[in-house]
Amino acid sequence: MESSDLFADRYPHQKIEQKWQNKWFKDKLYKVNDKDDKPKWYELTMYPYPSGDMHIGHWYAMTPSDTRARFRRMQGYNVLHPMGFDAFGLPAENAAIKHGIHPYKWTMQNIENMRRQLKSMGTIYDWDREIVTCKPDYYKWNQWVFLQLYKSGLAYRSYAPANWCDSCNTVLANEQVLESGLCERCDTEVIKRDLNQWFFKITQYADELLDQSKIDWPEKIKSMQMNWIGKSEGVEISFDISEYSLDQKFINTFTTRIDTIFGVTFIVIAPEHPLVTQLTTSDNIDQVKSYIYEASKSSEIERLSTDKDKTGVFTGSYCTNRLNGDRIPIFVADYVLLSYGTGVVMGVPSHDQRDYKFAKKYKLEIKLVVQDPTSKNKDILEAYLSDGVMVNSGKFDGLSNIEAKNKIADYIENRGYGKRSINYKMRDWLISRQRYWGTPIPIIYCNDCGIVPVPEKDLPVLLPENAEFLPTGESPLSTSLDFVNTICPNCNLEAKRETDTMDTFVDSSWYFFRYLSPNYKEGIFDRNKILEWGSVDQYTGGAEHAVMHLLYSRFFVKALRDLGLINIDEPFKKLFNQGHIISGSQKMSKSKGNVVSPDEYVNQVGADVVRCYLMFIGPWDQGGEWSDSGLRGMSRWINRVWEIFNKDKSNLIINNQDSKLEKEASYIINKTIRKVTEDLEKFKFNTSIASLMELTNWINEKLNTKSINKVIWNDIKNKLIILLAPFAPHMAEELWYLQGYKYSVHNEKWPQWSLKHLELDTKTIIIQVNGKFRDKINVTSDLNESEIKEIALQRERVNQYISGKEIKKIIYIKDKLINCVVN
RNA sequence: GCCGAAGUGGCGGAAUGGUAGACGCGGCGGUCUCAAAAACCGUUGCCUUUUACGGGCGUGUCGGUUCGAAUCCGACCUUCGGCACCA
């Protein structure tokens with residue numbers, strides 16, 4: 001950062017910001033009173049992960065929403081704008097492994113520092129409501145919700161693959177696996193390992209989550225959620241494998257194109273599918289086994305990559321298409337996922353591009369069943385995806401394929417070959433993490449009683465302090481014998497605890513309710529407070545949470561509602577996504593060394609300047625680039641505002657009455673109030689501030705020309721300070737105090753504008769000739785259309801362009817312009 | 001590949017059918033100063049011989065609608081974001 005003398009410094013920000021922050025804190029100015037009978041407004045910013053040091057990105061997310069919350073407060077709402085910490089998670093555990101510091105200590109130190117930084121921003125957070133998710137009085141309720149979901153069948157245990165590093169002997173998060181597929185710590189190839197894990201049944205709510213009628217969110221986010229849920233309707237149909245005398249006589253596939261069932265020339269099965277080994281013949285077993293091993297090394301993203309060539313191996317077995325008796329080869333290929341549909345795909349190369357490529361590669365038959373009515377598909381050079389007429393499809397020949405879809409589905413259902421079904425891309429939510437720093441899952445495994453939930457009275461299941469974080473191949477909690485070994489609550493015999501912890505998205509799925517009764521001991525939340533406050537009125541945060549956090553929260557709220565705990569359908573009524581702030585045209589990151597730290601800027605120019613600058617950069621949803629010189633401009637403006645109030649006005653303010661000037665002043669102040677108010681509603685902080693700058697420029701100009709009298713000054717100073725208050729809360733408070741007004745400006749009412757003052761005696765009319773600007777005139781409001789036209793046509797500048805030409809028509813837009821159309 | 005957003009001075013941006021470039025940064029000229037910084041005042045889209053408060057051009061590209069288009073429509077180009085073999 002450049003030296004401080006480059007910055008304007010007449011405004012003693014350090015002294016003033018300290019003074020008011022202390023006073024607000026002492027007076028509990030921003031304490032939220034539930035009993036207040038003003039209308040309630042819940043404005044929430046996504047809570048941060050306590051990584052230790054705040055960078056300017058945190059400020060970019062938080063100061064504009066604080067300004068909005070302050071604005072709502074001054075508009076007469078009882079505003080709740082709380083803050084807390086998303087305190088469980090991987091970085092704390094990594095710090096523990098790397099530096100030997102306990103995750104709790106590391107996290108709490110970070111929180112302490114961040115709390116100090118957040119306070120320095122001059123925000124209205126009511127710190128009495130702070131929540132810290134790694135504290136037992138918070139995560140106890142994660143466990144409690146888990147038990148409720150378990151009881152109602154929404155939590156279940158099943159096998160799921162996890163990234164595994166053989167050398168480190170540990171499970172890896174996706175972010176710990178390099179793009180090359182190697183472990184980030186030791187460069188060993190990462191494989192998949194099936195683990196028994198816990199899930200929440202979010203798929204049960206798939207259809208309700210698709211209903212977005214009760215949320216006012218950006219279209220972008222809504223469409224991302226739609227795609228993520230990925231509903232598709234089709235038919236589940238079985239192929240006959242009874243010739244192999246296995247337990248299963250049929251192999252099931254799901255298709256959205258049942259009209260192409262007669263074009264199936266191969267079947268593809270996912271490598272993880274339990275039938276694979278049973279169906280593989282001894283000739284092919286070596287090949288198939290090595291293929292499965294290779295597949296386990298590739299990540300899902302790699303497997304699903306369109307760039308990659310399709311690969312697969314033949315199992316040596318066949319199945320029979322029950323509609324036409326065709327004998328069809330069965331392949332294993334990694335482009336089929338066990339987790340979607342039935343994990344088996346019917347290959348129709350003539351009508352699916354991916355199947356077409358696969359068939360070409362392995363020289364499989366390509367059989368046309370839907371004919372293009374125009375070209376008749378003479379040569380099949382690629383899959384034909386459009387609609388057409390059925391051919392090679394037995395008794396369905398000649399029908400349109402759209403009609404055939406239904407008829408074939410009916411036929412299949414009548415014969416018992418399959419049934420219509422709906423599939424979702426979305427899977428159930430895997431919440432198990434083989435980690436230390438998270439909420440212990442409250443389950444006990446007993447040899448006799450099986451899976452036993454921890455009784456509610458025994459909650460919380462505390463995270464033991466003495467677990468070993470170094471990788472052992474087990475979840476860290478299993479190294480704490482005091483923790484693992486317990487007594488079965490059912491039979492009182494020895495039993496073992498679950499040693500996995502919960503995904504931290506569980507914490508963030510309901511934290512917004514905990515703010516309403518943060519210290520409530522009798523339950524997850526005080527239901528009366530939920531009735532009073534309801535869900536979040538305005539939520540703000542980054543778009544990177546478009547799917548996971550925002551979808552999980554919606555699921556949680558619906559599940560809690562169905563458990564009878566609340567009567568709310570959606571957690572966040574309105575959503576706004578801010579963009580990202582960048583530095584040196586790049587995302588800020590420690591490795592690039594371009595992280596902008598707010599503390600030193602706050603020291604040099606003050607929190608108000610940093611706040612205003614961040615809001616002034618550009619539209620909030622588009623993000624922007626940090627620039628020291630831009631900040632300097634804001635510092636200049638804040639200092640100019642300060643000077644307006646602090647310079648000696650005995651010679652500047654005149655005593656004369658001047659109704660024309662008073663009218664002008666009244667016009668500009670009303671215009672500013674309207675602009676600031678309307679733009680704040682729309683999150684357009686940049687233009688709000690620009691209009692405040694215009695107002696202060698006007699005041700300075702009038703002071704310099706000695707054209708402000710006492711009437712104007714008294715009106716304008718009062719309103720200007722109030723308008724400044726949400727943006728620059730410290731300076732506004734000090735100016736308010738210096739004017740001798742009653743503490744606090746933040747309890748003042750937001751000013752109203754009146755249309756009466758926005759009407760001027762004269763209007764500026766633009767004169768165009770053939771749509772080009774040529775002149776403008778000032779006319780009094782009482783002139784009518786023909787009088788204005790007459791004046792306009794007489795203007796010399798206009799005459800230059802119309803003389804000697806035929807006037808075809810004149811367009812007149814009231815109070816705005818005249819356009820003269822000539823040849 | 002699909003979906004979405006965006007493209008305007010030297011820079012961040014404003015204007016969502018009616019004076020393009022508000023506001024700010026940067027630049028240039030000046031005031032103050034021994035000098036500089038800071039601050040303040042003036043100026044600043046580009047081109048042109050501004051003798052004229054003069055003329056011409058100008059919102060990614062090409063076309064269209066309109067009296068009038070940065071804004072609406074069509075095609076294309078570029079950038080960014082998201083999703084990605086979903087059977």
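In what follows, every chain begins at residue 1, and chains take the letters A, B, ... in the order their sequences are listed.
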Under-4.0 Å side-chain N/O to phosphate OP1/OP2 contact, Lys809(A) with C67(B): yes

Using a cut-off of 4.0 Å on non-hydrogen atoms, how would the nucleic acid contact of Val348(A) be classed: base, sugar-phosphate, or nothing? nothing

Could you go over nucleotides 8-17 of chain B and give all protein N or O partners under 3.5 Å, atom names and distances?
| residue | atom | partner | partner atom | Å |
| --- | --- | --- | --- | --- |
| G12(B) | O2' | Ile617(A) | O | 2.9 |
| A14(B) | OP1 | Asn686(A) | ND2 | 3.1 |
| A15(B) | OP1 | Lys684(A) | NZ | 3.1 |

Regarding G9(B), purine or pyrimidine glycosidic angle vs 90° from 0 gives syn

Give me the ring orientation class for Phe576(A) and Phe683(A): parallel if the planes are under 30° apart, tilted from 30 to 60°, perpendicular past 60°. parallel

Going by atom type alone, with no hydrogens or angles, which donor-acceptor pairs under 3.5 Å involve a side-chain atom of residues 255-263 of chain A and a protein atom two or more places apart or on another chain?
| residue | atom | partner | partner atom | Å |
| --- | --- | --- | --- | --- |
| Thr255(A) | OG1 | Arg257(A) | N | 2.9 |
| Arg257(A) | NE | Asp259(A) | OD1 | 3.1 |
| Arg257(A) | NE | Asp259(A) | OD2 | 3.3 |
| Arg257(A) | NH2 | Asp259(A) | OD2 | 3.0 |
| Asp259(A) | OD2 | Asn401(A) | ND2 | 3.0 |
| Thr260(A) | OG1 | Arg257(A) | O | 2.8 |

A87(B), C67(B), A20(B): which one has an atom nearest the side-chain heavy atoms of Val336(A)? A87(B)

For residues 540-553 of chain A, please give each side-chain donor-acceptor pair under 3.5 Å, one per line with the distance, not counting sequence neighbours.
| residue | atom | partner | partner atom | Å |
| --- | --- | --- | --- | --- |
| Glu544(A) | OE1 | His580(A) | NE2 | 3.4 |
| His549(A) | ND1 | Ser553(A) | OG | 3.4 |
| His549(A) | NE2 | Tyr539(A) | OH | 2.8 |
| Ser553(A) | OG | His549(A) | O | 2.8 |

Hits for side chain to side chain donor-acceptor pair (under 3.5 Å) against Thr762(A), two or more places apart or cross-chain, chain-then-number order -> none

Does any pair with a residue in residues 764-774 of chain A pass side-chain hydrogen bond (donor to acceptor under 3.5 Å, both in side chains), and if so which ones, sequence neighbours excluded? Thr764(A)-Asn778(A), Arg774(A)-Tyr801(A)

Any Tyr801(A) side-chain nitrogen or oxygen under 4.0 Å from OP1 or OP2 of G55(B): yes

Who are the side-chain contact (heavy atoms from CB on, under 4.5 Å) partners of Glu219(A), not counting sequence neighbours? Lys222(A)

Determine whether any donor atom in the side chain of Glu544(A) lies under 3.5 Å from an acceptor atom in the base of G82(B), or the reverse, and answer yes or no. no

